[in-house]
Amino acid sequence: MPELERTPIYDLHAELGAKFVPFAGYQMPVQYGLGVMKEHLHTRARAGLFDVSHMGQVILRGDDAAAQLETLVPASIVGLKEGRQRYGLFTNEAGGIEDDLMIAHRGDHLFLVVNAARKRADIAHMKRHLGCSVEPVDNRALLALQGPAAEAVLAAFVPAVTDMRFMDVIVTDSDHGELWISRSGYTGEDGFEISVADDRAEALARALVADDRVEPIGLGARDSLRLEAGLCLYGNDIDAATSPVEAGLQWAIQKARRTGGERAGGFPGADRILAELENGAARRRVGLLPEGRAPMREGTQLFETEEAAEPVGHVTSGAFGPSVERPVSMGYVPTALAAVGTRLFGEVRGKRLPVTTADMPFRPSTYKR
């Protein structure tokens, strides 16, 4: 087994009492002394600091970098304004999702953040198919500061963040060197992702957690926060066999790339994806509210009735939601059973337990629009 990598602030995690787990080839903190539930609730109430340095950072350069990237993603990149970022999807020829990513327009180049487990494959994919320069960024850490106090905390170091709105990006000097900041995140809360040079990352992280409003947060709470926010985890809720329409991510395909748009199609799997945009998909990702206190976790089979012989779908993510004080899940069911309020049954330890389809997010987001 290959040796696990460590992020630039590994020593700080250990000092703060982190419990580590292997994740995407890295030793990552899953929780600290507060525990997962308190970390989750602290992020919702004040601010949490997450180490997401395991994710991939990539720069694309070239006059036609945006147009070239549109050959691999169904999002409108040519139409993305400078200083803004957009959620995107790498699709395959079968219309499935190879990864999801963030794409920022930073003037003379594009800045991408891709998932940790997929970053090597994504970089190889772009180098193979794009004619523009593909430059992996391997000397910068990535931190996420999330929660209602995030703006006030970060503004003490970078006053310009108070003028940012959701999905804005800036590059700015600071006492911790040049910072690349986006106002975005993976919790449903207002917050920021901050790219900082490896050799300045620990000092910045220490300065942030020195604020009484900030606690370090591990992967456990990160997962429950994103689940309450109805956000997908690649490899669980979306994968190479799942289309954007099945996943409920059609909002990430702008009008310019759809049938009749000025740059319609031209991305892998366009035939299937455009047809599903017009006619619907056979199955859909839905929110699920199990009755009782027992979570229905990944892999739980879903049945149309308590007596049905064959499952009609399955759960892809599930946990107890500390903010909503109940178990929440998401999964896939036939479109005919996807309407909000549909009663199904999940098989948990050999018992069929009732579960109802629901709108997502389970808790309203608090992004600064």
Side-chain angles (χ1 to χ4, degrees), residues 6-7 9-10 12-24 26-55 113 115-117 141-151 153-154 184-194 205-206 208-237 287-288 290 293-298 315-330 360-367:
R6 294 178 173 181
T7 74
I9 63 169
Y10 174 89
L12 177 59
H13 294 311
E15 181 183 318
L16 293 171
K19 177 183 178 182
F20 292 94
V21 295
F23 183 80
Y26 286 78
Q27 281 186 281
M28 295 296 292
V30 67
Q31 67 179 71
Y32 300 83
L34 279 181
V36 172
M37 182 171 289
K38 288 184 178 179
E39 289 176 24
H40 177 117
L41 293 173
H42 185 91
T43 303
R44 293 274 188 245
R46 304 185 85 186
L49 183 67
F50 303 76
D51 182 6
V52 288
S53 303
H54 57 311
M55 299 185 75
V113 177
N115 282 306
L142 193 63
L143 307 176
L145 185 67
Q146 299 280 292
E151 178 185 284
V153 171
L154 189 56
S184 59
Y186 194 48
T187 61
E189 296 291 335
D190 182 26
F192 304 87
E193 292 193 329
I194 310 154
R206 285 184 182 277
L208 291 170
V209 296
D211 190 302
D212 290 343
R213 294 166 290 187
V214 180
E215 288 286 346
I217 310 296
L219 290 175
R222 189 169 189 252
D223 192 54
S224 58
L225 288 159
R226 69 91 192 168
L227 178 56
E228 285 186 347
L231 300 174
C232 295
L233 174 63
Y234 190 83
N236 283 53
D237 311 297
L288 297 162
R293 303 289 286 179
M296 289 187 181
R297 302 190 186 276
E298 174 193 357
V315 172
T316 55
S317 289
F320 187 82
S323 305
V324 296
E325 300 182 322
R326 62 167 302 150
V328 292
S329 301
M330 65 175 77
M360 293 185 286
F362 299 104
R363 180 185 182 278
S365 62
T366 60
Y367 306 130

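Source: prediction; values computed, not measured.
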Hey, what do you get for [atom1] ([X]) to [atom2] ([Y]), rounding to the nearest 0.5 Å?
X      : Y      : atom1 : atom2 : value
Asp190 : Leu145 : CG    : CG    : 9.5 Å
Met28  : Lys19  : CE    : NZ    : 15.5 Å
Arg293 : Phe320 : CZ    : CZ    : 4.0 Å
Asp51  : Leu142 : CG    : CG    : 8.5 Å
Arg226 : Gln146 : CZ    : CD    : 14.5 Å
Asp211 : Leu49  : CG    : CG    : 11.0 Å

Looking only at heavy atoms, which two atoms of [X] and [Y] are closest? And how far apart?
X      : Y      : value
Glu189 : Pro148 : OE1-CD, 3.7 Å
Gly48  : Ile217 : CA-CG1, 3.4 Å
Ala294 : Pro290 : O-CB, 4.0 Å
Gly230 : Met360 : CA-SD, 3.9 Å
Pro29  : Ala18  : CB-CB, 3.7 Å

### Message
The test is salt bridge (Lys or Arg N to Asp or Glu O under 4.0 Å); show your working for Arg363 and Glu325 and say whether it passes.
### Response
CA-CA 11 Å; Arg363 180 185 182 278; Glu325 300 182 322; over 6 Å; no
### Query
Between Tyr186 and Cys232, is there a donor-acceptor pair closer than 3.5 Å when you use the side chain of the first and the backbone of the second?
yes
### Task
Verify, without hydrogens or angle tests, whether Thr7 (side chain) and Ser53 (backbone) share a donor-acceptor contact under 3.5 angstrom.
no
### Partners passing side-chain contact (heavy atoms from CB on, under 4.5 Å) against Tyr367 (at least two apart in sequence or in another chain)
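Testing Tyr367 for side-chain contact (heavy atoms from CB on, under 4.5 Å), a comparison that skips the adjacent residues, returns Phe166, Leu231, Ser365, Arg369.
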A side-chain contact here means heavy atoms from C-beta on lying under 4.5 Å apart; do [X] and [Y] qualify?
X      : Y      : answer
Asn115 : Met55  : yes
Leu143 : Ile9   : yes
Leu288 : Met296 : no
Met330 : Leu227 : yes
Arg44  : Thr366 : no
Ile194 : Leu154 : yes
Phe20  : Tyr10  : yes
Glu298 : Leu233 : no

### Task
Go through the structure and list residues passing salt bridge (charged side-chain N to carboxylate O under 4.0 Å, His left out) with Glu151, not counting sequence neighbours.
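Residues passing salt bridge (charged side-chain N to carboxylate O under 4.0 Å, His left out) with Glu151: Arg183, Lys368.
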Which atom pairs, donor and acceptor, lie under 3.5 Å between side-chain atoms of residues 36-43 and protein residues at least two apart or in another chain?
residue : atom : partner : partner atom : Å
Glu39   : OE1  : Gly218  : N            : 2.9
Glu39   : OE2  : Tyr32   : N            : 2.6
His40   : ND1  : Ser224  : OG           : 2.7
His40   : NE2  : Glu228  : OE1          : 2.9
His40   : NE2  : Glu228  : OE2          : 3.3
His40   : NE2  : Ser323  : OG           : 2.8
His42   : NE2  : Ala47   : O            : 3.3
His42   : NE2  : Arg213  : O            : 2.9
Thr43   : OG1  : Glu39   : O            : 3.0

